[in-house]
Structures are given as C-alpha cells and as structure tokens.
Amino acid sequence: MKICIINHSDSRGGASVVSYRLMEALQALGHEAAMLVAHKSGSNDAVYIVKPQWRLKAAFMAEHLRILAGNGLNRADMFKVSIATDGMPLAEHPLVRQADGIILNWINQGMLSLDEISRIAASKPTIWTMHDMWNLTGICHHAATCRAFTKEPGCGNCPFLHSRVGDKDLSRRTWQRKKTLYDNSGIRFVAVSSWLKKLCDESSLMAGREISLIPNAFPVEDFYIESKGTMPIPGIPQGKKIILMGAARLDDPVKGLDYAVEALNRLDRHDAVAVFFGDIRNASALDTLRFPHVCMGSVTDPAVLHELYARATVLMSTSRYETLPGTLIEGQAAGCTPVSFDSGGQRDIIEHGLTGYLVPPYDTQAFAQALNTALDTPVDPTVLRRSVTEKFSAQSVASRYIDLLARP
C-alpha cells in the first residue's frame, strides 16, 4: 500500500517525531510510506518538503493576520489557537495523488486549510491522527478548564480571544467550518490516548464520528537498560542517582518546569542529581532550583539520549497536560521508573504502583514523596521495558493503521 503522511515537520515537536516513527514502522511492514512536511530537518529521502516555501510563509502570515483581526488586534494568546483558513494546495501533490491512503497529523501554521483537507478526503481514504485537542474544539489546541467544546453549537466566547464579539467569534465560526468538513468528508479519526478519546466523546463536534484509539509507535528496541559506561557525558557527577526530565523546550509553560523546581526543592537528599535536557529560552528558569542539577541543553545525538535514559533511575514529568508523553515511554524502555502528574494520557503508560507513580495534579508535595519512593525502591527495569513493549511496539501500531485504511 502507498501511504502519504502529512505533518508540519519531520522532527520539530512530539507530533513530528511520532509521525516520522509511524512512517518507518509502515515501511518495516513492507508498505511504501512517505512523509510530506513544511519543515525538514533530517536527510531521509522518503521525507519530502512542500514547495514553494514562499507560499507556505504567505499562508502562515495570512492565517495569523486573520487570527489577529479576530483577536481585536491583540497579540495575546495568538499562538495558542489555529484556524486552518490558509494552506498549501496539496490535493494535487504527486505523493497525495499516487497514494492509496492519507494520514494527516499536525497540519497547522499554514500547512493545510480545512478546504484543502476536504479536497484530499474526497478522493482518498483519509485518517486524521489527533495529537492535541484542536480537532475537537473550535480553535484551541488545549481547552484548559473551558467546556464550551461540549456544547451544541460548540465554542464561542473563546477565552483565548480578546475581541469581545460574543458567541459568534472566530472560535464559533471555525467550529462551524470543521463541522461542515467532518459531516461531508468521511474522515476517520485516531486518538493517541484514552484521555484524548474521552474528550472526543464529550465534544459536540465529534458526536457520531468514527474515532479509533491507537497509541503512538515508539522504537522500544532502540533503548537499553544497562548503561554502556563507555560514553563520557560531561557534567554529570559520578555515583549519583539521576532524576531525568526532558522536552523539546523545557520552559514551555505546558511542561510545568515551575512545578518540577518546586517538587525538587522539597527533596532533602545527597545521593541524587536532577538532569535536564531540552532547550530553555528563559535563562532564569532554573534560578530558584536549590536541588543539585545539570542542564544538558538540547540533545540531538540519539546515542547520548539513550545513554542518559539508561543511567537514570527516575524519569519525571510535571506537565500541566499531555496527550501521550513520549519521554515517559522512552524512559520506561530504558528501565527508568516514571513519576508524573496524572494530567492526561499518562494513565495509558503508567500503572500506578506497578510501573511507576501517578501524582494528583499539581501537588508538588506528593510529587516529591513519589520521587523519594522511586529513588529508594525503583521498579524492576525489565518489568518497565516489557510493559511499554507490549503497548507501543511499532509493528503493532502500524498494523492497526493499515487495517483502518483498508476498511471499506
């Protein structure tokens, strides 16, 4: 089967990484899978960049000018929403025309418009994999405490907009455009976690849609439990237990770095060190952290990342919300005991007390206690690895996508 995966990037952010892994998993099953992206960082010949790039930039600018106008010319919260009014003409792209099936992933910021998705779905079996809440709301990628997406008609009076135009605002109008697309396209949706699937079940926009629960594929076999011990990683003290935390951007507010600092400051131990990997844009983000710590910055070498996981005793996640946090899966594949707030799809990964610890959001005292427990009595690494292998192996996930595409 020829499959075209459409995603904004091949490596920027969690959705990009798992989309790329899905392509590789489909190829491993013998299918002709390729990826169509706006931004390409790697060198894989099966990843194609959309052209011309000036048109992509024009679509990005046009959409954000529309958001700015709908936001009362206020720049606040502009990048927390997307409206998919503008995008690339990919329905006529050779990869799309030649494909037997299309898998859409994260397509915002000028990649695809809703109208273009309608044209693609009219001619090809199309799956849309949801990596956040955007498909089931009007315009936001995460609704936080807002429940307007559950109403009929949905959204309106959006807390991320500041135009004060009432329930006929940009969120309601985009909700209506999505409903028209969904009603007429036959798109099959995939939620990557039970948490996201539950939100879909509550969404008025998703009422009556076909929604499958398929987790992201992870290359569990790339990770190993025992540290190789031969790779020097500068800055990490010897003889200390490692509490590891990582993200593409650590000080993204979603990642809850402030909660991590607060929880670590509650620890009183001399046998452990916190190790952080990922970009930090705010140079003072860790200034208040009193617990011994090391910042690795962005780690792009997979060999270094795998060794970091193998050396760590505990992997911590203090995110305010997560759909299906990949670092927790990667950490378990390397035998790290996970400690996380129970704030999204973590329950699909961690069985509390058996394969890690889930802490009530956002109780940093309880989080610190869980860190102490995990450091003192870590879970058997082989149990952790077996758990994620059974749930997230690439072959199993890719097979479920093929079955969904092949269904009449």
Before giving the answer on side chain to side chain donor-acceptor pair (under 3.5 Å), spell out for Thr129 and Tyr401 the whole-Å C-alpha distance, their side-chain angles and the decisive distance to 0.1 Å.
CA-CA 10 Å; Thr129 302; Tyr401 272 93; 2.9 Å; yes
Does a side-chain heavy-atom distance below 4.5 Å link [X] with [Y]?
X	Y	result
Thr364	Val261	no
Thr150	Ser204	no
Pro153	Trp175	yes
Asp201	Met206	no
Val339	Thr373	no
Arg188	Leu405	no
Ile5	Asn105	yes
Lys168	Arg173	no

Any chance you could measure [X], atom [atom1], to [Y], atom [atom2], to the nearest 0.5 Å?
X	Y	atom1	atom2	result
Asn372	Asp268	CG	CG	9.0 Å
Arg347	Lys198	CZ	NZ	10.0 Å
Leu205	Glu152	CG	CD	9.0 Å
Trp134	Ser82	CH2	OG	6.5 Å
Thr288	Phe291	OG1	CZ	14.5 Å
Ser319	Leu257	OG	CG	10.0 Å

For [X] and [Y], I'd like to know if the aromatic rings sit close, meaning centre-to-centre distance below 6.0 Å.
X	Y	answer
Phe223	Phe218	no
His93	Tyr48	no
Phe367	Tyr259	no

Is the number of heavy atoms from other residues, nucleotides or ligands under 6.0 Å of [X] [atom1] greater than 12?
X	atom1	value
Glu221	CD	yes
Lys40	NZ	yes
Glu226	CD	no
Gln395	CD	no
Arg290	CZ	no

Is it true that [Y] and [X] share a donor-acceptor pair across their side chains at a distance under 3.5 Å?
X	Y	result
Asp132	His141	yes
His162	Asp77	yes
Asp115	Ser113	no
Ser194	Asp348	yes
Gln365	Arg266	yes
Ser16	Asn7	yes
Tyr362	Ser343	no
Asn216	Arg21	no

Got a donor-acceptor contact below 3.5 angstrom from the [X] side chain to the [Y] backbone?
X	Y	value
Arg177	Gly138	no
Arg320	Pro253	yes
Arg385	Ala333	yes

Can you spot which of Val192, Thr323, Val190 makes a side-chain contact (heavy atoms from CB on, under 4.5 Å) with His131?
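Of all the options given, the one that passes is Val192.
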In this structure, which one of Ile6, Ile127, Leu95 forms a side-chain contact (heavy atoms from CB on, under 4.5 Å) with Ile102?
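That would be Ile6.
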Among residues two or more places apart or on two chains, list those pairs meeting side-chain hydrogen bond (donor to acceptor under 3.5 Å, both in side chains) that have a residue in residues 238-256.
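Sorted pair list: Arg249-Asp251, Lys255-Glu322.
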Taking all non-hydrogen atoms of both residues into account, name the closest pair between [X] and [Y] and its distance.
X	Y	result
Leu328	Pro338	CD2-CB, 3.9 Å
Ser41	Asp10	N-OD1, 2.8 Å
Leu90	Val96	O-CG2, 3.2 Å
Met316	Ala260	CE-CB, 3.8 Å
Ile117	Leu112	CG1-CD1, 3.9 Å
Leu29	Ala398	CD1-CB, 3.5 Å

Whether Trp195 and His142 hold their rings parallel, tilted or perpendicular, with breakpoints at 30° and 60°:
parallel
Whether Trp106 and His8 hold their rings parallel, tilted or perpendicular, with breakpoints at 30° and 60°
perpendicular
I would like to know whether Phe189 and Tyr182 meet ring pair (Phe, Tyr, Trp, His ring centres under 6.0 Å); could you show each step before the answer?
CA-CA 10 Å; Phe189 295 91; Tyr182 296 174; 4.8 Å; yes
Do [X] and [Y] sit within salt-bridge range, that is, some charged N less than 4.0 Å from a carboxylate O?
X	Y	result
Glu116	Arg119	yes
Lys179	Asp183	yes
Glu390	Arg386	no

Asp301: side-chain hydrogen bond (donor to acceptor under 3.5 Å, both in side chains) partners, not counting sequence neighbours
none
Is the NZ or CZ atom of Lys151 positioned over Phe149's six-membered ring, under 6.0 angstrom from the centre and within 45° of the axis?
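No - Lys151 does not lie over the ring of Phe149 by the 6.0 Å and 45° rule.
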Between Ser227 and Glu307, is a side chain to side chain donor-acceptor pair (under 3.5 Å) present by the stated rule, with each step listed?
CA-CA 6 Å; Ser227 168; Glu307 182 65 17; 2.4 Å; yes
